[in-house]
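Okay, so here's the structure we're looking at.
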Amino acid sequence: MITAFADPFETLFNIQRALQAREASDWLQNQTTSQGPFPPINVFQQGDDILAIVELPGIDKNALQIQANDNTIRISGRKAVAYPEGVSVHRRERSTGEFDRTLSIPVQIDADAIKAEYQNGILTLHLPRAERGKPRTIKIA
Amino acid sequence: MDTRQELKVQKKREHDQKQETTIPARVFVPTADIYESEDALTVILEMPGVEKENVEVRVEEGMLIIEGRLDLAQYEGLLPLYTEYNIGHYARSFRLSSKTDQTKIAADLKDGVLSLTLPKAEEAKPRTIKVK
């Protein structure tokens, strides 16, 4: 089978863009950015606790389910994009569909104290570390 | 048959800037939907994390220019453990083909989605021509 490129220049430009983007990445410096299923998640440490920030623009809060376990968080829902009737669509870039993703946290979290916030298309999950998972200082008797 | 459409992560496209910026932040191109009805053009852009007051929309020489600034201060003091996406401001511009009534552009930001309604100018509306 012959693999034909629709536009060889476009392919080349895309490669160049990807290389430049890698080079220009100043945020998160030398840490590699991973790729996972939808939605994209960034996990941060805030003191003892874990903060997960999920980019989810235009979601109906009621269509979003969050389930938590000792060290896993499951985020599932639906991203819908609707167009009014009788319009002609010029450009369609926003994606639509269902998603279901489970995130494993390497530490024990207190599932009862999880706080979820959805604002400006960003889902923020405050995951407090479970008491039993916190590091303890051991005194020498 | 499972007809569920699975969502894929859309790679953020970096904005090709013509001018250099004075701030060291990155700028991305927001994903957009554009549709046209008989009396208006609607542009919908996804700008997650942008606050209402940090959005700027203007029309200049037939170009629709949209800018959204992200408040990067909320990321201060956070230690990244695992990351999948980068953050930055948003910028995008479109060349408008039909005449729009600039004074009547309406903008609405909800859940990180910016909706712009650009009403067509009277002379640009489609007319039905009657044969005499």
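The structure displayed is predicted, hence computed values, not measured ones. Each chain gets a letter, A, B and so on, in the order its sequence line appears, and its residues count up from 1.
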Mind running salt bridge (Lys or Arg N to Asp or Glu O under 4.0 Å) on R91(A) and E36(B) for me, showing each step along the way?
CA-CA 10 Å; R91(A) 202 179 264 270; E36(B) 189 178 345; over 6 Å; no

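- Residues Q45(A) and L78(B) form no side-chain contact, since every pair of their non-hydrogen atoms from C-beta on lies 4.5 Å or further apart.
- One finds the CD1 atom of I122(A) at 11.0 Å from the CG atom of D111(B) (value rounded to the nearest 0.5 Å).
- Inter-residue side-chain proximity for Y82(B) and N42(A) is flagged as unmet; no heavy-atom pair is nearer than 4.5 Å.
- By the 6.0 Å contact criterion, CD on E53(B) is enclosed, its count of non-hydrogen atoms from other residues, nucleotides or ligands being greater than 12.
- For F94(B), the part lying near chain A is the side chain, with the backbone staying farther off; criterion is any non-hydrogen pair under 4.5 Å.
- Heavy atoms of L45(B) lying under 4.5 Å from chain A are absent altogether.
- By the 4.0 Å N-to-carboxylate-O rule, E93(A) lies too far from K12(B) to be salt-bridged with it.
- In terms of heavy-atom proximity, H90(A) sits nearest to L41(B) at CD2-CD1, 3.8 Å.
- To the nearest 0.5 Å, atom CD1 of residue I44(B) and atom CZ of residue R94(A) are 5.0 Å apart.
- Contact annotation for residues 48-61 of chain A against chain B (heavy-atom separation below 4.5 Å, listed by residue number): I50(A), L51(A), I53(A), V54(A), E55(A), P57(A), G58(A), I59(A).
- Residues E84(B) and P37(A) share a closest heavy-atom pair of OE1-O, 4.4 Å.
- A side-chain donor from one of D33(B) and Y83(A) sits under 3.5 Å from a side-chain acceptor of the other.
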